[in-house]
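A quick note: this is a predicted structure, and the numbers were derived from the prediction, not measured. Values below: all heavy atoms of this structure, side chains included; hydrogens, waters and symmetry mates excluded. The first residue of the sequence shown is numbered 1, and numbering continues consecutively from there.
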Amino acid sequence: MTASEALRAALPAWMARQRWYTGKGREPRLEPVGGLALPGPDGVDVATWLVRDVGAAEPVLYQVPLTVRPAAVPGLEHALVAEAPGQVVYDGCHDPAGAAALLAAVVDEARLGPAGGDDDLGARGHRAGAAVFATGSRVLRGEQSNTSIIFDVADGAPVILKVFRVVQAGHNPDVEVQEALASGGSTRVPRPLGDLLGWWPDGDRRAEGHLAFAQEFLPGVEDAWRVALRALETGTDFADRARALGEATAEVHAVLARALPTAEADEAAREAMLDGWRQRFAAAVEAVPELAARAEDVEAVLRAGAAAPWPPLQRIHGDYHLGQVLDVPGRGWVLLDFEGEPLRPLAERTAPDLPQRDIAGMLRSFDYAAGSATVAARESGGSTKTPAGPAAAGREAGQAAELSAHEAWASRAREAFLDGYGAATGRDPRADAALLRALELDKALYEAVYEARNRPDWLPIPLAGVTRLLVG
Ligand SMILES: Nc1ncnc2c1ncn2[C@@H]1O[C@H](COP(=O)(O)OP(=O)(O)O)[C@@H](O)[C@H]1O
Ligand SMILES: O=P(O)(O)O[C@H]1O[C@H](CO)[C@@H](O[C@H]2O[C@H](CO)[C@@H](O)[C@H](O)[C@H]2O)[C@H](O)[C@H]1O
């Protein structure tokens with residue numbers, strides 16, 4: 001068996017085990033689009049492959065960087081994809097030779113061609129900062145939709161290279177928006193260092209889209225999700241940090257409104273938005289059928305949001321939550337990951353949108369933090385199936401107190417965030433309550449789909465949000 005035969009046999013099962021694979025619960029049915037050859041060290045073949053999963057409801061194009069080595073490398077066992085006599089295939093993001101080749105393609109402004117065959121396939125790197133010389137790399141662990149590689153850099157700050165796993169035709173908003181913010185003078189995003197733009201055959205046309213994005217890595221800082229969870233655990237107030245986050249959010253919105261195109265919120269835009277909201281509800285009902293019973297109430301909230309006053313549409317973050325912001329000492333809040341919601345089509349994610357969508361996203365996230373703290377407290381409090389009695393009653397009372405403490409924490413954080421945003425813009429977001437509520441509901445419905453697919457244990461968190469938003 002050759003390495004390519006072994007790879008063809010092993011790739012679907014290997015992909016199905018990866019965090020970035022979106023077709024949970026089934027193996028992909030893969031059609032190769034082609035590979036891009038990257039210069040690698042002697043004896044190591046490096047290429048990044050584009051493969052289409054045609055088994056998905058809508059075909060999904062994935063990027064899979066791979067290295068082929070003549071022998072196994074001790075320490076790379078976790079990155080093994082396939083093996084054949086004299087050839088070992090590794091995940092190219094985990095193999096340091098593959099990682100270095102990907103970064104070099106960006107910072108050396110490489111032009112890449114097809115790895116065999118004469119496909120209409122290529123890529124070019126674009127450097128947006130100073131040259132960097134990487135000395136070592138590691139893959140960032142954690143809940144990620146893409147694969148991020150951290151590089152140590154000789155005489156300089158570390159670099160993070162985000163390798164986009166789901167590749168789509170069109171410029172990736174993560175690259176476009178962060179480069180626009182940095183060019184607009186904002187330090188609220190890590191300094192961009194460059195990107196890799198690829199093209200590939202797509203039916204009878206040529207598609208173009210981003211394959212990777214490099215930027216300054218801010219080491220030793222935690223995202224706000226972790227900070228918030230610890231604050232909840234220790235009963236520490238988050239209001240000051242939340243207020244500063246509201247101010248930072250407003251600042252970023254102001255730069256984006258200047259730096260990138262805006263659009264009028266006309267009737268057509270409202271109708272399209274309402275349509276999108278309704279489709280989202282339909283998707284949520286498909287994932288969580290019990291939501292069908294709330295159809296009338298949902299429709300009323302969405303309609304009220306569509307009929308409310310709207311500001312002009314502009315570029316926004318698009319998937320704003322606590323996991324997307326870092327509290328950087330001496331710099332304040334720094335925003336990450338402007339890719340938008342991964343479950344939405346790219347065309348929607350790059351269109352001018354309502355800034356209130358970001359506000360709603362962060363408000364939901366404070367609720368999420370409180371919700372997850374309550375789930376954790378319940379789990380550590382033992383099973384509710386234990387016999388009733390004074391101990392059980394005491395435990396229940398303790399849990400109720402904890403629940404209301406978490407709710408109070410979230411409510412204070414939400415209000416402080418809104419205060420900060422309002423103070424920076426001169427308009428209190430609570431003045432747009434109907435619009436904000438529709439967007440929070442829309443986000444909670446998206447989250448219900450996301451959790452049903454990815455983390456069913458957490459589904460009750462967005463469902464509680466839906467209930468709250470329909471009652472108030
Ligand atoms: N420039 C950076 N500096 C420090 N940490 C970062 C940086 N970029 C990303 N991270 C960390 O990586 C995590 C995932 O990054 P993100 O851009 O959200 O990727 P994904 O799209 O895969 O979810 C973030 O929550 C953050 O903890
Ligand atoms: O960070 P991503 O772009 O991958 O965003 C997706 O995953 C998020 C979870 O990691 C998800 O966010 C939801 O869970 C968060 C806690 O883990 C919470 O803070 C958010 O408020 C909640 O929406 C996000 O929706 C999804 O697009």
Side-chain angles (χ1 to χ4, degrees), residues 140 142-146 148 150 158 160 162 173-175 177-182 184 186-192 213 215-232 236-256 315-342 349 353 355-373 409-410 412-425 429 439-440 443 446-447 450:
L140 194 70
E143 281 285 298
Q144 274 206 273
S145 313
N146 295 291
S148 291
I150 316 298
I160 180 167
K162 185 159 158 183
D174 209 16
V175 181
V177 174
Q178 297 201 60
E179 287 185 354
L181 278 166
S186 177
T187 55
R188 295 278 178 211
V189 287
R191 198 163 28 85
F213 177 45
Q215 64 178 180
E216 162 194 21
F217 180 67
L218 299 157
V221 283
E222 284 183 311
D223 64 50
W225 173 252
R226 283 168 208 277
V227 181
L229 287 192
R230 216 176 22 247
L232 272 155
T236 312
D237 191 45
F238 200 71
D240 286 348
R241 300 311 303 133
R243 167 182 256 276
L245 183 56
E247 287 165 2
T249 308
E251 189 187 311
V252 165
H253 282 166
V255 180
L256 285 177
R315 297 299 292 272
I316 60 168
H317 182 282
D319 187 17
Y320 204 39
H321 59 81
L322 287 163
Q324 313 280 42
V325 292
L326 302 175
D327 198 359
V328 183
R331 183 159 159 183
W333 290 110
V334 169
L335 281 56
L336 304 172
D337 196 5
F338 287 70
E339 257 201 287
E341 291 164 352
R349 295 193 262 133
D353 203 339
Q356 281 86 352
R357 185 187 291 283
D358 285 345
I359 302 179
M362 197 52 81
L363 294 179
R364 287 285 316 125
S365 207
F366 290 123
D367 263 5
Y368 239 84
S372 89
W409 180 97
R412 268 179 64 76
R414 288 163 57 97
E415 297 305 314
F417 176 78
L418 292 168
D419 288 345
Y421 193 95
T425 56
L439 285 163
E440 263 202 85
K443 185 73 183 183
Y446 167 85
E447 290 165 345
Y450 183 89

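- Between Glu216 and Arg331 there is a salt bridge, since a side-chain N of the basic residue sits under 4.0 Å from a carboxylate O of the acidic one.
- Taking all atoms of both residues into account, the shortest heavy-atom contact from Glu440 to Arg364 is O-CD, 3.5 Å.
- Leu181 CG to Ser186 OG: the interatomic distance, rounded to the nearest 0.5 Å, is 5.0 Å.
- For the atom pair CG (Asp358) and CG (Leu439), the distance works out to 10.0 Å, reported to the nearest 0.5 Å.
- Here the side chains of Phe213 and Gln178 are in contact, with some heavy-atom distance below 4.5 Å.
- Other residues, nucleotides and ligands place more than 12 heavy atoms under 6.0 Å from the CG atom of Asp237.
- For the residue pair Pro190 and Val334, the shortest heavy atom distance occurs at CD-CG1, 3.6 Å.
- By the 4.5 Å heavy-atom criterion applied to side chains, Val255 and Arg188 are not counted as neighbours.
- Ring geometry for Tyr320 against Phe417 counts as tilted: the plane angle lies between 30° and 60°, on a 0 to 90° scale.
- Closest heavy-atom contact between Asp367 and Ala410: OD1-CB, 3.9 Å.
- With rounding to the nearest 0.5 angstrom, the OH atom of Tyr368 is 14.5 Å from the CG atom of Leu363.
- Note on Arg349 versus Asp319: no salt bridge recorded, every NZ/NE/NH1/NH2 to OD/OE distance being 4.0 Å or above.
- Nearest approach of Lys162 to Asp337, heavy atoms of both residues: NZ-OD1, 3.0 Å.
- From Leu245, atom CG reaches atom CZ of Phe238 across 7.0 Å, with rounding to the nearest 0.5 Å.
- In this structure, His253 and Tyr421 have perpendicular ring planes: the angle between them is above 60°, well past the 30° mark.
- For the pair Ala242 and Ala413, the tightest heavy-atom approach, listed with the atom from each and the gap, is CB-O, 3.4 Å.
- Expressed to the nearest 0.5 Å, how far CD of Gln215 lies from CG of Asp174 amounts to 7.0 Å.
- Separation of atoms CG (Asp419) and CZ (Arg412) is listed at 10.0 Å; rounding is to 0.5 Å.
- Put simply, the side chain of Glu222 does not reach to within 4.5 Å of the side chain of Leu326, judged on heavy atoms.
- A side-chain donor-acceptor contact under 3.5 Å links Trp333 to the backbone of Arg241.
- Checking side-chain atoms of His317 against main-chain N and O of Leu336 turns up a donor-acceptor pair under 3.5 Å.
- Between the side chain of Trp409 and the backbone N or O of Thr236 there is at least one donor-acceptor pair closer than 3.5 Å.
- In this structure, Ser372 and Trp225 have side chains that are in contact, with non-hydrogen atoms separated by less than 4.5 Å.
- Gly323 approaches Asp223 most closely through the heavy-atom pair O-CB, 3.8 Å.
- Between Arg243 and Glu247 there is a salt bridge, with a side-chain nitrogen of the basic residue lying less than 4.0 Å from a carboxylate oxygen of the acidic one.
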